[in-house]
Structure formats: structure tokens, C-alpha cells
Amino acid sequence: MATNETAPSELEKRNIRRLSGEESNRISRECLRTALMQLLGEQDFQKISVTELTQRAGVSRATFYRNYSDKEALLREIGESAALELHAFLRATRTPEDVYRSALNLFRKIRENERITRNMVSFRISLSAVLTLPPLTQQEESPADPMTHYWHLAVEGAVMNIVRDWMVNGMRQTPEEMAGVCASLASEVRGRLAGAD
């Protein structure tokens, strides 16, 4: 007895669905970012070819060029992602103690990825991405308390400049020292603003 129903495909039997074009592109971009980060840990950016990058990522050259105009565009995207992480760190700080803990994690992460960071700094990618993002105070609702608002502005600007300077100048100080600098500065700014009331 024949039925009008078609037999389920192998994917349907295994309850696997096909990815949409958007999902597939997102996964490909993720693989390409990971591959570039790995390669940056092994060699200088200039020496990395698109072929080497796509082989490491397990994607085709066509997939690469469907998502990026060149490898510099991919590096810029990674830099912008790093800048957003820095902004997330700054957004999470409410007290000088928060600044120390968050800054310590941030400086440790930068130090752990030193070769990658140096490659990005040499192209000024992550720094320009940080500097082109709008200030946090424009990205979210400002606090009702003017002191907190201005403290966030001061800490945001100071930390971004400290991170940039530390990276450009060879990361000579330890992450603990740098976190201490950021926390001291945050505490000093908070005290001065409180004294201004």
C-alpha cells in the first residue's frame, strides 16, 4: 500500500536541521576569527595568507570573501570585539574595588595574548576601534547621580588611555601593578568629585 508521504531524509532521521545562510555565515566568521587568533599567536600578521587562514578555519576562499573584503577587515572585526569587551568591563565598574578586579582580569587577558595583542597594536586596529566607539555615557542611560556619571566618564577615559599606553610601550609592568594604577586613579577621581559637592 503506497502512501503520499515521503520517507524522512537522513538529516530528519537524526533530527539534524540544515543551517540557514545567516547561521552558516556566523559560524564561518567565528571559525575565521578563531583561526586568525591562532595564527597571530604563531606568526606576524603580514605573513598570514588568506589561503592559510581558510585552511586553518576549514572554510573555502569563497566563504572568506563572502564575509570579508580582506584579512585586514577580519582583524578590524576582532579589534572591535576586543574594544566592546573593554567597554563591557568599564560598564561593570561601580566602585574602585570593582575597577581593580576588572582591570586585573583585563590586563591578565591582554598579557596572556601578548603576541596577538602586539600584532593588533602594530596595525593600530584595536586601538582605533576603542577610540571610535561612542562613550559609554552615550550607549546607555546616564545615572541619576551626576557624581557617578562624571566618575564613569573619568574612569572610562583614564582606563582606555592606560591600556593603550601599556600595550604600545611593551607591557613592562605586571597586570597587578596596572590594576593598582587604575584602582588608585578611580579612587582619587571619586574622592575629588565627592569633595566638589
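When a residue number appears, it is its place in the shown sequence, counting from 1.
Here the SG atom belonging to C31 is positioned 10.0 Å from the CZ atom belonging to R26, to the nearest 0.5 angstrom. Rounding to the nearest 0.5 Å places CG of N67 at 9.5 Å from CG of L74. Taking CD of E23 as the start and CD1 of I27 as the end, the distance is 6.5 Å to the nearest 0.5 Å. Here CZ of R111 is found 9.5 Å from CE of M178. Values are rounded to the nearest 0.5 Å. One distance of note links CD1 of I162 with CD of Q173; it measures 10.5 Å at 0.5 Å rounding. The line from NZ of K71 to CG of L32 is 13.5 Å long, rounded to the nearest 0.5 Å.
Between T54 and S60, the shortest heavy-atom distance links the atoms CG2-O, 3.8 Å. Residues A183 and Y100 approach most closely at CB-CB, 3.7 Å, considering heavy atoms.
Between the side chain of D70 and the backbone N or O of E72, at least one donor-acceptor pair lies under 3.5 Å. Without hydrogens or angle criteria, T63 side chain to V59 main chain gives no donor-acceptor distance under 3.5 Å.
When side chains are defined from C-beta on, W166 does not count as touching E177, because their heavy atoms never get closer than 4.5 Å. A heavy-atom distance below 4.5 Å is found between the side chains of R33 and R29. Proximity of F64 to S28: side-chain heavy atoms (C-beta onward) are nowhere separated by under 4.5 Å. Contact check for R66 versus R61: no side-chain heavy atoms found under the 4.5 Å cut-off. Side chains of L36 and F45 form a contact here, defined as non-hydrogen atoms less than 4.5 Å apart. Here the side chains of L75 and L40 are in contact, with some heavy-atom distance below 4.5 Å.
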Under the side chain to side chain contact (heavy atoms under 4.5 Å, CB included) criterion, do F107 and C182 qualify, and how do the steps go? CA-CA 11 Å; F107 285 106; C182 291; 3.8 Å; yes
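Salt bridge E42/K47: absent, no basic N to carboxylate O contact under 4.0 Å.
With no hydrogens or angles considered, a side-chain donor-acceptor pair links N161 and R164 at under 3.5 Å.
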